[in-house]
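First comes the structure, then the notes that go with it.
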Amino acid sequence: MEAEGAAMIHVLDVLRDRGFVEQTTDEANLRELLRSPTTCYIGFDPTASSFHVGSLVPIMALAHMQRAGHRPIALVGGGTAMIGDPSGKTEMRRLLTRDQIEANAQGLKVQLARFLDFDDGALLLNNADWLLGLNYIEFLRDVGVHFSVNRMLAAESYRQRLETGLNFIEFNYMLLQAYDFLHLFRHFGCRVQMGGNDQWGNIVAGVELIRRTEGQAAHAITFPLITTASGAKMGKTAQGAIWLDPALTSPYDFYQYWINTEDPDVERFLGLFTFLPMDRVRELGRLEGAAIREAKEVLAFEVTRLVHGEAEARRARDASLALFGGGGRLDKAPTHEVDPARLVEGIEAFVLLHEAGLTKSRGEARRLIGQGGAYLHGEPIRSFDQRITVTDLKDGVILLRAGKKKHCVIRPAREG
RNA sequence: GGUGGGGUUCCCGAGUGGUCAAAGGGAGCAGACUGUAAAUCUGCCGGCGACGCCUUCGGAGGUUCGAAUCCUCCCCCCACCA
């Protein structure tokens, strides 16, 4: 790989350029280290069977590493998940059983495989493999000795929790994560750990542990906390998290999430969540006014393609264009089927709106209609009990809309 | 274990016998304005074929014509002390 090395941009610059880097340990040495193939890792919590958009940053970072010729390790925290990382969080996490964690880890691997090539060096490990068998006394003697409680208490990650209460099990989290790093260093020659900036203290604890026990240098790279321009956490909406699993968040909804990106975030997100060349990213970022929608379409399409594949991305885009622009196909749009017999009689609008999942209750549907926010084929529905019947079918479907963005295609169910 | 303070609708947080489905703020939703963006203004914001009915104020009982509000027991949380 060194053949084209001269022309290649250093990974660190790639990451920095794209907005991945918040802080690093001693940059000169890190930079030197990364000139040759290096093993690096990021830990992921198996607290669910799917990643959500918030995990895309570390996943992309690992992918960039592999593209640059390094070996990425995705470490599933099967052991640490049984404890719960207190970093930055105000409440203790609920503990999971081994079975749940195992099942979750399987789901995560499938998703990671879209970004990492496990046949070409990338590894998926589970720290339960070495943490669960630890002997307490030995651990205290070998690892515990290297930690100063005073320093741990000074760590930002523990400071907040000190005010509300931090229990002993959580207090040990830093030691275990440091031990993970040491283990990976010993068995896989891993020298770099990456993670969110809230992990800084934990990562550096590992770096120090390696230096003290092995006399070797290891490094840390942390990512900035990614929030939207208005301060919301990435991937969280009022409806819940945006998942990568298509069974939890449909490709259409996933695509819509990105289309609705706030203007000031577009360029930053293109850098973080796509592999588009930065020249192209900056070019798209320069678009202004309504033209910036074009950049959002590129963003939405690219991210959806990475996560769900080309075909699904196209279908999501088609459905989006069909519902919002006209033209395009409705195949993948949200759909609700009703019994044709009921359409002959007619279904009250507020009932149908609720059934189609456009409102949470019938009462909400009534209010929506009352406020003029419910539409039938683009026309406001006038009264809450207006009957929707077969005569409302157009091209075999009825298009309902709640507000500006929530659509549903009503289809008569086929007898079969 | 002791003492004191708490658990209210998605979140924060008022409310100490009726006027409470419960102030205020946030979040969310809709309309206007727009570009499927942001900001702003206005309205909505437990459920129900609905000017009424039903279910909510940690849980279970009780007092009362009437309880989120009073009493009893229980559960949980926090602070200080041990």
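All values derive from a computational prediction rather than experimental measurement. All chains are named by letter (A, B, ...) in the order of the sequence lines, taking the proteins before the strands, and each is independently numbered beginning at 1.
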Less than 4.0 angstrom between a side-chain N/O of A:Ser361 and OP1 or OP2 of B:C48, yes or no?
yes

Return the 5'-most residue of the pair A:Ala290, A:Glu348 with respect to RNA chain B, ranking by each residue's nearest nucleotide.
A:Ala290

My understanding is that a pair needs two contacts under 3.5 Å, Watson-Crick or G-U wobble. By that rule, which nucleotide pairs with B:C73?
B:G59

Charged N to carboxylate O below 4.0 Å: is that the case for A:Arg387 and A:Glu348?
yes

Mind checking A:Gly289 for me? I need base, sugar-phosphate or nothing, with any heavy atom below 4.0 Å counting as a touch.
base

Should A:Asp385 and A:Arg366 count as an ion pair when the cut-off is N to O under 4.0 Å?
no

Without decimals, in angstroms, what is the distance between A:Arg362 CZ and B:A50 C1'?
12 Å

With sequence neighbours left out, what residues match A:Arg282 under salt bridge (Lys or Arg N to Asp or Glu O under 4.0 Å)?
A:Asp17

Who pairs with B:G24 - Watson-Crick or G-U, where each distance is under 3.5 Å
B:C12

In whole angstroms, how far is the P atom of B:G49 from the CZ atom of A:Arg387?
13 Å

Aromatic contact, A:His308 with A:Tyr255 (centres under 6.0 Å)
no

If we take the C1' atom in both B:A27 and B:C12, what is their distance in whole Å?
10 Å

In whole angstroms, the gap separating C1' of B:G26 from NZ of A:Lys233 amounts to 16 Å

Under 4.0 Å between any heavy atoms, over every strand shown, what does A:Gly372 touch: base, sugar-phosphate, or nothing? Just pick one.
sugar-phosphate

What is the nucleic acid contact for A:Phe350, judged by heavy atoms within less than 4.0 Å: base, sugar-phosphate only, or nothing?
sugar-phosphate

Interatomic distance at P, B:C11 relative to B:G47, whole Å:
15 Å

Spacing between A:Tyr252 atom OH and B:U36 atom P, to the nearest angstrom
13 Å

Report yes or no: is the cationic atom of A:Arg268 (NZ for Lys, CZ for Arg) closer than 6.0 Å to the six-membered ring centre of A:Phe273, at no more than 45° off its axis?
no

OP1 or OP2 of B:G35 less than 4.0 angstrom from a side-chain nitrogen or oxygen of A:Arg293, does that happen here?
no

CD (A:Glu294) with more than 12 external heavy atoms under 6.0 Å
no

Below 4.0 angstrom, N of the basic side chain to O of the carboxylate: do A:Asp13 and A:Arg31 qualify?
yes

Taking pairing as Watson-Crick or G-U wobble with both contacts under 3.5 Å, can you name the mate of B:G66, or confirm there isn't one?
none

Calculate the interatomic distance between A:Ile369 atom CD1 and B:G31 atom P; express it in whole Å.
13 Å

Taking the same atom, P, in B:A14 and in B:C53, what whole-Å distance lies between them?
32 Å

Under 4.0 Å, heavy atoms only, any strand: does A:Ala402 hit a base, just the sugar-phosphate, or nothing?
sugar-phosphate

Could you work out which one of B:A30, B:G49, B:U36 sits closest to the side chain of A:Leu368?
B:A30

To the nearest Å, how far apart are A:Arg366 CZ and B:G46 P?
15 Å

Regarding A:Glu364, tell me which of base, sugar-phosphate or nothing describes its non-hydrogen contacts under 4.0 Å with the strands shown.
nothing

Along RNA chain B (nearest heavy atom to each residue), the more 5'-positioned of A:Val351 and A:Arg401:
A:Arg401

Need one value for A:Tyr257: base, sugar-phosphate or nothing, where a base atom within 4.0 Å counts as base even if backbone is also close, heavy atoms only.
nothing

Mate of B:G1 across any strand shown (Watson-Crick or G-U wobble, both atom pairs under 3.5 Å) is B:C81

Identify each atom pair where a protein N or O and an N or O of nucleotides 37-44 of chain B are less than 3.5 Å apart, giving names and distance.
from, atom 1, to, atom 2, distance (Å)
B:A37, OP1, A:Lys405, NZ, 2.9
B:A37, O4', A:Lys296, NZ, 3.0
B:A37, O2', A:Asp263, N, 3.4
B:A37, N3, A:Asp263, OD2, 3.1
B:G43, N2, A:Gln371, OE1, 3.1
B:G43, N3, A:Gln371, OE1, 3.4
B:C44, O4', A:Gln371, OE1, 3.3
B:C44, O2', A:Arg367, NE, 3.4

How long is the line joining CG of A:Leu353 and P of B:A30, in whole Å?
12 Å

pair_partner(B:C45), Watson-Crick or wobble, both distances < 3.5 Å, evaluates to none

Considering residues, nucleotides and ligands other than A:Asp395, do more than 12 of their heavy atoms fall under 6.0 Å from its CG?
no

